[in-house]
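Heavy-atom basis, side chains included; hydrogens, waters and symmetry copies ignored. Since the structure is predicted, the reported quantities are computational estimates derived from the model, not experimental observations.
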Amino acid sequence: MDIKTILFDLDGTLTDSGEGIMNAVRYTLERYEKTAMEAQLRSFIGPPLQTQFQQFLNVSEEEGKRAVSIYREYYTERGIFENKVYAGVIGLLEQLKASGFRICMATSKPETFAVQIAEHFSFASYFDRIGGALMDGRRTKKCEVIEYVLAEEGIGRKRDDRDSVLMIGDREHDILGAKQTGIHSMGVLYGYGSREELEKAGAEWIAETPGQIWEILRTESRK
């Protein structure tokens, strides 16, 4: 394996964003006079929010968009920074950068929020590109975000072009998005997805810690 470009998910992969996201979801559900168990709240971390709200509330696409707007009332003011960088992530980014990897972010979170978070927690400088969804609800599927980042980085659709790209994330959406776009995938277990979820989605490698991501890359590069 000759990986040259690495795409990272954000929530559950670079940062533990659960507190802010779940608080914002609670805030939204209160407006609909609904409550949710902890596991249900956790399911909102990672996937596109509109889809999650539509499914949980059993509402239309239009009402799903309204739910996202309510969510952002809380998230933009407080939730965005109810967040922390996972231990070992900064060291991993430093190692990857020093080793010559091109590092990008591919998140279903709106790009403007992703940039704010990366700058607030001082890891934006490690990234060659930060790619995410649009605020109007477009480009939220992981495969769409990946395609956007690849296009911006000049990586074509040929297999030879994409064989050097790896997507790293904690949920099945990251792994399925990688498969749909023809790139490699690695799941991580320190976020919000389980080993069963990641294996079922078809992750090629699974890392338990940020440090193990580096070890897997070093081992595979020698093959």
State, yes or no, whether a side-chain contact exists between [X] and [Y] at a heavy-atom distance under 4.5 Å.
X: Val89; Y: Phe123; value: no
X: Thr107; Y: Thr13; value: no
X: Glu19; Y: Asn83; value: no
X: Arg171; Y: Asp9; value: no
X: Leu57; Y: Lys34; value: yes
X: Phe127; Y: Leu14; value: yes
X: Leu96; Y: Leu217; value: yes
X: Met186; Y: Met167; value: no

Check the surroundings of atom NZ in Lys97: do more than 12 heavy atoms from other residues, nucleotides or ligands lie under 6.0 Å from it?
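Above 12, so yes.
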For atom CG of Asn58, decide whether the heavy atoms of other residues, nucleotides or ligands shown that lie under 6.0 angstrom number more than 12.
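Atom CG in Asn58 is not crowded, with 12 or fewer foreign heavy atoms closer than 6.0 Å.
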Test applied, side chain to side chain donor-acceptor pair (under 3.5 Å); reference residue, His184; option that passes from Arg162, Glu220, Glu204
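Result for side chain to side chain donor-acceptor pair (under 3.5 Å) with His184: Glu204.
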Between [X] and [Y], is there a side-chain N and carboxylate O pair less than 4.0 Å apart?
X: Asp174; Y: Lys142; answer: yes
X: Arg26; Y: Glu38; answer: yes
X: Glu208; Y: Arg195; answer: yes
X: Glu172; Y: Lys200; answer: no
X: Asp11; Y: Lys109; answer: yes
X: Arg139; Y: Glu111; answer: yes
X: Glu147; Y: Lys141; answer: no
X: Asp136; Y: Arg138; answer: yes

Test applied, ring-ring contact (aromatic ring centres under 6.0 Å, His included); reference residue, Tyr86; option that passes from Phe8, Tyr192, Phe121, Tyr190
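Result for ring-ring contact (aromatic ring centres under 6.0 Å, His included) with Tyr86: Tyr190.
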Set out, in order, the CA-CA distance, both residues' side-chain angles and the distance that settles side-chain contact (heavy atoms from CB on, under 4.5 Å) for Arg42 and Met22, then state yes or no.
CA-CA 7 Å; Arg42 287 170 67 92; Met22 290 191 289; 3.7 Å; yes
Is there a donor-acceptor pair closer than 3.5 Å between any side-chain N or O of [X] and the backbone N or O of [Y]?
X: Gln52; Y: Ser43; result: yes
X: Ser108; Y: Thr140; result: yes
X: Thr28; Y: Ala24; result: yes
X: Asp170; Y: Val188; result: no

Apart from Leu189 itself, residues in the same hydrophobic cluster as defined by side-chain heavy atoms under 4.5 Å:
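Ile175, Leu198, Ile206, all in the cluster of Leu189.
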Compute the ring centroids of Phe53 and Phe44, then answer whether they are less than 6.0 Å apart.
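Yes.
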Is the distance between the ring centroids of Tyr71 and Tyr27 under 6.0 Å?
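Centroid distance Tyr27-Tyr71: not below 6.0 Å, so no.
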Reported [atom1]-to-[atom2] distance for the pair [X] and [Y], which is rounded to 0.5 angstrom:
X: Asp16; Y: Ile45; atom1: CG; atom2: CD1; answer: 7.5 Å
X: His173; Y: Gln180; atom1: NE2; atom2: CD; answer: 10.0 Å
X: Ser99; Y: Ile6; atom1: OG; atom2: CD1; answer: 9.0 Å
X: Thr5; Y: Leu150; atom1: OG1; atom2: CG; answer: 8.0 Å
X: Gln54; Y: Glu62; atom1: CD; atom2: CD; answer: 9.5 Å
X: Ile155; Y: Ser164; atom1: CD1; atom2: OG; answer: 6.0 Å

Heavy atoms only: give me the nearest [X]-[Y] pair and the separation to one decimal.
X: Ile130; Y: Ala114; answer: CG2-CB, 3.9 Å
X: Ser185; Y: Gly202; answer: OG-O, 3.9 Å
X: Cys104; Y: Asp128; answer: SG-CB, 4.5 Å
X: Phe56; Y: Thr35; answer: CZ-O, 3.7 Å

Answer with yes or no whether the side chains of Tyr148 and Glu153 bring together a donor and an acceptor at under 3.5 Å.
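No, no side-chain donor-acceptor pair sits under 3.5 Å.
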Is [Y] reachable from [X] through a run of I, L, V, M, F, W or Y residues, each pair having side-chain heavy atoms under 4.5 Å apart?
X: Val165; Y: Leu176; result: no
X: Leu92; Y: Ile216; result: yes
X: Ile213; Y: Leu10; result: yes
X: Leu166; Y: Ile146; result: no
X: Ile117; Y: Met135; result: yes

According to salt bridge (Lys or Arg N to Asp or Glu O under 4.0 Å), does anything in residues 112-124 pair up with another residue at least two apart or in another chain? List the pairs.
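Salt bridge (Lys or Arg N to Asp or Glu O under 4.0 Å) check on residues 112-124 returns no pairs.
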Please report the C-alpha distance between Tyr74 and Glu82 in whole Å, then the side-chain angles of each, then the deciding distance to 0.1 Å, and finally whether the side-chain contact (heavy atoms from CB on, under 4.5 Å) criterion is met.
CA-CA 11 Å; Tyr74 181 95; Glu82 292 174 334; 3.0 Å; yes
Stepwise side-chain contact (heavy atoms from CB on, under 4.5 Å) check, Tyr32 with Arg66
CA-CA 11 Å; Tyr32 287 89; Arg66 178 173 176 270; 3.2 Å; yes
May I have the step-by-step check of side-chain contact (heavy atoms from CB on, under 4.5 Å) for Leu7 and Val145, ending in yes or no?
CA-CA 10 Å; Leu7 311 185; Val145 178; over 6 Å; no
